[in-house]
Asks: 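Have a look at this one before I ask anything.
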Amino acid sequence: MVARSHSSAAGVLALLSEPDPVFKQHALKSLNSLVSRFWAEISEDIALIESLYDNDKLPKEARDSAALLASKVYYYLGEYDESLSFALGAGSAFEAESRVPGSEEYVETVMSKAIDRYIELHSGESEGKGDKVDPRLKLIIENIFQRCISEGEYKQAIGIALESHRLDIISSIYKQTQDISILCYAMDAVIDTGLSLSYRDTVLRFLYPLFPQPSVKSDSQHLHALTRLLVTLSDPSLTVPLLVSLVPKEKLLAYQLAFDLVEGGARDYLESIRTSIPDGDDDSKPIFDKLRSIFTGQDSVKLYLEFLKKNNHVDPLILKHTKDALEPRSSIYHTALTLQNAFMHSGTTSDVFLRENLEWLGLASNWSKFTATAGLGVIHKGYFEQGMTILGPYLPQSGGESSIPGAAYSEGGALYALGLINAGCGTDVSGYLRDTLRSAQGEIVQHGAALGLGIAAMGSKNLETFEDLKNVLFMDSAVAGEAAGYAMGLIMLGTAAEESVHEMLSYARETQHEKIIRGLAIGIAFVFYGRQEQADSTIKALLEETDPILRYGGVYTLALAYAGTSNNDAVRQLLHIAVSDVSDDVRRAAVTSLAFLLFKNPGQVPRIVQLLSESYNPHVRCGATLALGIACAGTGLQDAVEILEPMTKDSVDFVRQGALIALGMILLEQSEGSSPSLASTRALYNKIVSDKHEDPMARFGAALAQGLIDAGGRNVTINLQSRAGSRNTNAIVGMVMFCQFWYWYPLAHCACLAFEPTGIIGLNGDLKVPKFEFTSNARPSLFAYPGATKPQKKETATKVATAVLSTTAKVKAREKKKAAADGDVNMDVDDKAEGKTEDVEMKEAPAKASTSKSGRKEPSSETLQNFTRVTPAQLAYISFPSNGRYQPVRGVTAKSTTARAGKAPLLSKQQEEKYASGGGILILVDSRPDEEGEFIEFETAAGTTAPAPAPEAATSTENGDAIGATTSGPHIALDESAPETGPPESFEYPFDSDN
């Protein structure tokens with residue numbers, strides 16, 4: 001029998017039929033140790049084992065053993081539900097099994113199944129549906145919670161608690177630890193994992209009162225988390241009382257919270273807060289007035305505008321080289337340089353390049369003129385106080401259509417530019433744009449007015465504006481209707497308004513214009529921005545359409561509805577579409593849209609799109625490039641760069657274009673010290689732009705990428721989430737619109753909506769900008785601006801080498817030897833004189849550089865001033881001197897918020913930086929308020945000026961287009977004798993040569 005036990009369990013199984021309970025109990029105990037080897041044989045007697053479990057006459061220990069044995073047999077059979085049921089019946093026997101060596105996998109599987117069952121039952125029970133939870137199951141889960149808490153495994157406990165709707169567990173963990181990172185982690189989990197909106201809001205409302213009241217005296221590291229929670233809920237009834245409670249004693253924190261909310265909050269939410277803030281008494285009224293001013297959004301815009309102007313580091317030689325290399329009479333190349341210049345000078349208000357290249361500018365015609373005029377809006381973005389003045393010569397004049405040839409294009413471009421200038425603070429010009437839209441006759445002017453109105457009034461949810469746009473749509477003009485479709489979605493951004501969507505979708509199905517269908521398809525996606533499961537039915541309907549343009553819209557609706565959630569089902573759906581749809585456009589959009597789902601975890605994106613980047617379909621490869629560029633923008637992520645670099649040599653021109661643009665986004669604000677690929681990438685752009693044999697699409701992409709990599713005077717990054725960790729709505733909208741440049745180049749300008757200035761802008765309690773210093777504890781070269789481009793040397797003709805006979809060489813060698821013997825050292829000049837001086841110079845230059853560097857060691861830190869650039873990666877190295885006069889009210893450097901008695905940090909480094917690092921606008925505590933302070937003077941004074949005078953008639957060329965620097969009118973050419981194209985002469989304008 002002993003021998004048989006090694007090869008069969010038959011003998012032990014026979015004991016189960018013995019009448020004596022002792023034999024049965026012994027057999028069950030033995031079989032539990034043999035089941036891993038003989039489960040197939042034992043399974044034949046599973047009915048007998050189950051009957052023993054149901055036998056009330058057997059001792060409890062024997063019944064528990066029978067239940068455990070049955071559970072194990074079902075586990076090996078793959079019947080996990082049955083296995084769990086018998087494990088629950090095994091009671092103490094199952095608990096003891098967790099301590100038996102070799103049974104870990106069985107126990108973990110059953111426990112995992114128990115957790116899943118508990119989540120399913122308890123979440124259903126809490127929502128008033130589903131069966132009640134088995135008390136035995138509840139006991140197991142309670143034990144799991146207790147074990148996790150006692151061992152400090154809070155992540156696991158919070159995860160189970162959130163999914164099973166056991167919010168009391170989160171509360172008890174926080175009360176036990178008093179660790180704010182517990183609340184931050186729970187908030188992160190519920191926002192970023194795509195749980196239903198209703199439950200998400202329930203959890204956030206539960207967490208909100210658990211956060212301690214912010215105070216300057218206490219460490220207010222959780223202010224970012226609190227900001228994110230309030231922005232996500234967008235409930236003024238929670239926000240206003242918090243602000244009011246801070247005003248008496250913590251006005252600095254109230255200001256800081258206000259600036260942070262403005263950065264991430266929706267427009268209607270901010271407007272509701274602004275109108276709900278009380279007037280206050282004599283003491284608090286000035287503070288409440290300042291808060292109301294902050295919530296208009298205009299204070300932030302002014303500060304960032306001034307920051308970009310003061311720190312403009314555009315390299316003009318890059319623009320000059322591109323201009324010299326690209327044929328200006330080619331529409332695509334003119335547009336490429338226009339976009340490059342607009343991106344590089346975005347928000348800097350510097351139009352020096354335009355003024356210095358009037359002849360080139362005058363070559364713009366038709367839609368190139370529209371794009372070039374709209375570029376002024378990118379350059380002057382945020383300069384809302386002077387927007388009407390700057391664009392005055394180009395805006396439609398009262399009295400109907402202009403008689404100047406081509407004027408409609410510059411008028412439409414100017415209206416679009418006006419929207420870009422006022423993005424984020426456009427309530428002042430919305431009325432003007434609406435009036436212009438209603439009165440405009442031509443579709444080109446309507447196109448510009450609709451785009452400008454959509455961007456300026458984004459998220460306003462104004463039904464009257466929506467109706468005005470709908471009237472333009474119903475005219476069924478392809479050009480005007482497309483812009484109206486985009487704008488309707490932008491106005492109703494994130495509302496999930498059923499009636500609006502129904503009207504837009506119905507018209508998209510009726511019209512014959514592809515442009516209109518596309519505008520409406522993306523517009524519908526904007527309406528469902530951030531609405532998650534509320535968009536599911538519309539997504540399903542769009543993805544089942546026979547029209548590929550509507551399926552294209554369905555892809556973007558899916559991406560925007562679940563933007564930033566990394567929702568697994570949404571990612572799987574996009575990947576399926578990317579490899580299965582019959583339309584190349586839809587497949588490309590599906591891959592690109594992965595970026596909008598995964599931008600909070602950029603490190604995942606290269607791994608996900610790796611195979612797609614090697615697809616046989618060039619549209620899928622192109623989508624992979626943009627997905628990497630958008631999701632990893634500004635990170636310098638080497639994994640993404642390594643995928644993109646080979647794609648710059650792809651056989652298909654538009655794939656090369658996408659790879660070049662994506663590299664420009666990823667390497668934004670990188671230095672040669674932080675990214676080894678920066679120098680080679682810049683050289684590649686230069687080479688492609690200069691190569692007349694290169695395909696126009698690739699040259700267009702290289703020029704665009706040069707603009708993106710140096711965007712905003714090298715002082716901005718692209719980031720789809722705000723500093724507080726919430727979604728950056730303007731940036732997401734801007735990147736979606738930018739992706740449509742595939743069909744319509746002027747939409748590329750919308751990329752400027754995603755440009756986020758990166759600097760530390762410190763304000764004191766009076767919201768003035770004091771002069772002070774802080775420290776960057778890193779090598780200066782690691783975060784330095786790129787060096788200036790050296791002027792290219794003119795190529796000189798070199799002599800063709802003369803053929804030398806071997807006999808002649810021998811004669812010269814003998815003469816040289818003789819001369820050396822006589823002491824003549826000049827004979828070897830002949831070998832070096834002809835055509836070799838340049839080589840000598842190229843070799844010597846690096847040697848001189850290395851000598852100069854070798855004598856000096858680079859410092860390990862540097863002192864920076866207020867109002868200077870600090871890149872996102874640099875924030876981790878920033879510190880304020882402890883003895884300094886000014887200290888920020890919330891943390892700037894990434895300090896750990898999770899030191900817990902030797903336990904592992906609860907938050908990842910990325911999450912800690914999200915909550916503990918800042919930058920941007922910082923309110924400062926003045927430790928010496930009695931001393932007089934020094935303040936930074938703004939270069940531009942606030943104020944309004946009269947619009948520029950009306951332009952004169954333009955000179956027409958043979959083809960009827962108004963061009964040239966000698967003309968003056970509402971076209972894009974800027975004449976030195978007509979300063980009305982810029983600010984008035986009385987207005988000081990920074991044209992520093994080194995900028």
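No experiment lies behind these values; they were computed from the predicted model shown.
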Asks: How close do F738 and A751 get, heavy atom to heavy atom, and via which atoms?
Replies: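 Looks like CD1-CB, 3.6 Å.
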Asks: With under 30° as parallel and over 60° as perpendicular, where do the rings of F343 and H749 fit, or are they tilted in between?
Replies: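 The arrangement is perpendicular - the two ring planes meet at more than 60°.
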Asks: Any chance the rings of H334 and W367 have centres within less than 6.0 Å?
Replies: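 No, too far apart.
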Asks: Is K320 close enough and on-axis enough to F353, meaning under 6.0 Å and within 45°, for cation-pi?
Replies: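 No, K320 and F353 do not form such a contact.
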Asks: So, for H619 and F654, is the gap between ring centers shorter than 6.0 Å?
Replies: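 For H619 and F654, the ring centres are under 6.0 Å apart.
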Asks: Looking only at heavy atoms, which two atoms of S781 and S671 are closest? And how far apart?
Replies: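 Scanning both residues completely, I find the closest heavy atoms to be O-OG, 3.2 Å.
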Asks: With no hydrogens and no angle check, do the side chains of H345 and D351 hold a donor and an acceptor under 3.5 Å apart?
Replies: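 Distance-only check fails for H345 and D351.
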Asks: Do S677 and E645 have a side chain donor and acceptor closer than 3.5 Å?
Replies: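 Looking only at side-chain atoms, E645 and S677 do form a donor-acceptor pair, the distance falling under 3.5 Å.
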Asks: Under 6.0 Å from the ring centre and within 45 degrees of the ring axis: does the NZ or CZ of R588 meet both conditions for the six-membered ring of W742?
Replies: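 So R588 does make the cation-pi contact.
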Asks: Applying salt bridge (charged side-chain N to carboxylate O under 4.0 Å, His left out) to R682 and D710, what does each step give before you reach the verdict?
Replies: CA-CA 10 Å; R682 286 183 177 275; D710 288 337; 2.6 Å; yes
Asks: Are D653 and R656 ion-paired here, with the side-chain N under 4.0 Å from a carboxylate O?
Replies: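 Judged by the 4.0 Å cut-off on N to carboxylate O distance, D653 and R656 do not form a salt bridge.
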Asks: Contact between Q670 and L667 at the side-chain level, heavy atoms closer than 4.5 Å - yes or no?
Replies: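 They are in contact (side-chain heavy atoms under 4.5 Å apart), so the answer is yes.
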Asks: Do S368 and S331 have side-chain N/O donor and acceptor atoms under 3.5 Å apart?
Replies: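 Yes, because at least one side-chain N or O of S368 sits under 3.5 Å from a partner of the opposite role on S331.
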Asks: Any side-chain donor-acceptor pair under 3.5 Å between S477 and E443?
Replies: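 Yes, a side-chain donor-acceptor pair sits under 3.5 Å.
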Asks: So, for L678 and E672, which heavy atoms are closest and what is the spacing to 0.1 Å?
Replies: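 Between these two residues, the closest heavy atoms are CD2-N, 3.7 Å.
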Asks: Between NE2 of H380 and CD1 of I390, what distance do you get to the nearest 0.5 Å?
Replies: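 Going from NE2 on H380 over to CD1 on I390, the span is 4.5 Å.
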Asks: Taking distance alone, no hydrogens or angles, what donor-acceptor pairs closer than 3.5 Å link side-chain atoms of residues 657-664 to residues at least two apart or in another chain?
Replies:
| unit_1 | atom_1 | unit_2 | atom_2 | d |
| --- | --- | --- | --- | --- |
| Q657 | NE2 | M697 | O | 3.1 |

Asks: Have N312 and N715 got a donor and an acceptor in their side chains that come within less than 3.5 Å?
Replies: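 No donor-acceptor contact under 3.5 Å links the two side chains.
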Asks: Hey, can you tell me if H447 and W744 have their rings parallel, tilted or perpendicular (30° and 60° cut-offs)?
Replies: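 Taking W744 first and then H447, their aromatic rings stand perpendicular (interplane angle over 60°).
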Asks: Return the minimal non-hydrogen interatomic distance between M735 and M665, and the atom names on each side.
Replies: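 That closest heavy-atom pairing would be SD-CE, 4.0 Å.
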Asks: Give the minimum heavy-atom separation between L753 and A423, together with the two atoms involved.
Replies: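 Nearest pair, atom of L753 first, then A423: CD2-CB, 3.4 Å.
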Asks: Report the distance from atom CD1 of I522 to atom OH of Y552, rounding to the nearest 0.5 Å.
Replies: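 Reported value, rounded in 0.5 Å steps: 5.0 Å.
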